[in-house]
A.B. asks: 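Handing you a structure now.
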Amino acid sequence: EEAFFKANKRKRGRQGHCKACHKKLGYQRTAEEQRRYNIKQIYNLDWEVYQGLLTKQDYKCGICNTELRSIGIRHGSREGVAHIDHDHLTNKVRGILCHWCNVGLGAFKDNKEFLQKAINYLEE
């Protein structure tokens with residue numbers, strides 16, 4: 001069992017390939033390589049385009065201006081982790097947000113009406 005990696009968070013148990021085969025098949029990636037791969041696969045963004053978005057936003061969240069790291073590695077805290085914000089219907093990338101702003105938009109289901117009601121509520 002130690003010869004196999006643990007499965008990802010969504011699955012229980014172990015990976016289907018042993019560690020030796022995993023490496024032989026080229027599945028071993030550094031954290032940065034994995035992040036680049038995920039950005040391309042999920043959002044169809046080249047690394048250079050992603051870095052351009054961060055540079056355009058001065059490495060700050062598009063909503064609250066929190067300083068962001070380019071690689072989404074937590075180091076025990078979600079503060080400063082860059083998240084790609086996108087339209088869930090079209091998958092079009094809108095920008096880069098911090099964890100909390102990204103979660104906030106998700107909690108309101110990207111619904112402008114709900115967000116406006118929340119603003120009105122806070123102003124009362």
Side-chain angles (χ1 to χ4, degrees):
E1 199 170 283
E2 292 300 319
F4 290 82
F5 290 107
K6 289 183 179 178
N8 66 31
K9 293 178 184 177
R10 292 175 227 174
K11 298 178 183 175
R12 295 177 188 229
R14 298 283 174 171
Q15 294 279 343
H17 300 293
C18 71
K19 290 180 180 180
C21 290
H22 202 72
K23 189 170 186 175
K24 187 177 179 182
L25 291 168
Y27 294 139
Q28 293 285 73
R29 294 188 181 108
T30 64
E32 182 174 338
E33 289 168 339
Q34 186 64 46
R35 180 76 169 154
R36 288 178 186 220
Y37 176 82
N38 290 346
I39 287 169
K40 182 65 176 172
Q41 292 300 307
I42 297 168
Y43 304 103
N44 197 28
L45 276 184
D46 292 324
W47 185 250
E48 294 75 23
V49 174
Y50 171 69
Q51 288 295 316
L53 286 171
L54 279 169
T55 301
K56 182 180 174 185
Q57 291 183 205
D58 197 26
Y59 281 76
K60 293 181 181 168
C61 172
I63 294 176
C64 72
N65 286 329
T66 296
E67 293 282 334
L68 299 173
R69 296 187 295 272
S70 66
I71 305 293
I73 300 172
R74 284 194 273 255
H75 301 295
S77 169
R78 290 188 166 106
E79 296 301 317
V81 175
H83 290 267
I84 298 172
D85 176 46
H86 67 287
D87 184 308
H88 290 93
L89 297 175
T90 65
N91 212 33
K92 183 180 181 215
V93 173
R94 293 185 284 224
I96 311 293
L97 300 176
C98 71
H99 168 78
W100 295 114
C101 289
N102 191 49
V103 167
L105 287 182
F108 284 100
K109 301 177 176 127
D110 295 346
N111 185 311
K112 292 176 188 176
E113 185 179 322
F114 292 166
L115 287 164
Q116 187 59 57
K117 285 181 178 183
I119 291 167
N120 294 344
Y121 175 82
L122 288 171
E123 289 177 342
E124 290 178 5

A.B. asks: When rounded to the nearest 0.5 angstrom, what distance separates CD in Glu48 from OG1 in Thr55?
C.D. replies: 11.5 Å
A.B. asks: Can you confirm whether Lys40 is buried at NZ, in the sense that more than 12 heavy atoms of other residues, nucleotides or ligands lie under 6.0 Å from that atom?
C.D. replies: yes
A.B. asks: Looking only at heavy atoms, what is the nearest atom pair of Cys61 and Cys98, with distance?
C.D. replies: SG-N, 3.3 Å
A.B. asks: Taking the side chain from Gln57 and the backbone from Gly95, do they hold a donor-acceptor pair closer than 3.5 Å?
C.D. replies: no
A.B. asks: Closest heavy-atom contact between Ile42 and Asn91?
C.D. replies: O-ND2, 3.3 Å
A.B. asks: Side chain of Asp58, backbone of Lys60: donor and acceptor closer than 3.5 Å?
C.D. replies: no
A.B. asks: Between Val81 and Val103, is there shared hydrophobic-cluster membership here, with clusters defined by ILVMFWY side-chain heavy atoms closer than 4.5 Å?
C.D. replies: no
A.B. asks: Is the closest side-chain heavy-atom distance between Ile96 and Ile84 below 4.5 Å?
C.D. replies: yes
A.B. asks: For the atom pair CD1 (Ile39) and CG (Asp46), what is the distance rounded to the nearest 0.5 Å?
C.D. replies: 10.5 Å
A.B. asks: Verify, without hydrogens or angle tests, whether Asp87 (side chain) and Leu89 (backbone) share a donor-acceptor contact under 3.5 angstrom.
C.D. replies: yes
A.B. asks: Check whether any side-chain heavy atom of Leu115 lies under 4.5 Å from a side-chain heavy atom of Leu105, and answer yes or no.
C.D. replies: yes
A.B. asks: Working to the nearest 0.5 angstrom, can you tell me the gap between His86 NE2 and Leu97 CG?
C.D. replies: 11.5 Å
A.B. asks: Check for me, please, whether Tyr37 and Trp47 land in the same ILVMFWY cluster - side-chain distances under 4.5 Å, paths through other members count.
C.D. replies: no
A.B. asks: Nearest 0.5 angstrom please: Arg36 CZ to Asn38 CG, how far?
C.D. replies: 12.5 Å
A.B. asks: Do Leu68 and Leu53 land in one hydrophobic cluster if side-chain heavy atoms of ILVMFWY residues count as linked below 4.5 Å?
C.D. replies: yes
A.B. asks: Taking the side chain as every heavy atom from C-beta outward, state whether Asp110 and Arg94 have any atom pair closer than 4.5 Å.
C.D. replies: yes
A.B. asks: Return yes if a side-chain donor-acceptor contact under 3.5 Å exists between Asn120 and Glu124, otherwise no.
C.D. replies: no
A.B. asks: A side-chain contact here means heavy atoms from C-beta on lying under 4.5 Å apart; do Tyr59 and Gln51 qualify?
C.D. replies: yes
A.B. asks: Quick check: closest heavy atoms across Leu54 and Ala82, and the distance to 0.1 Å?
C.D. replies: CD2-CB, 4.3 Å
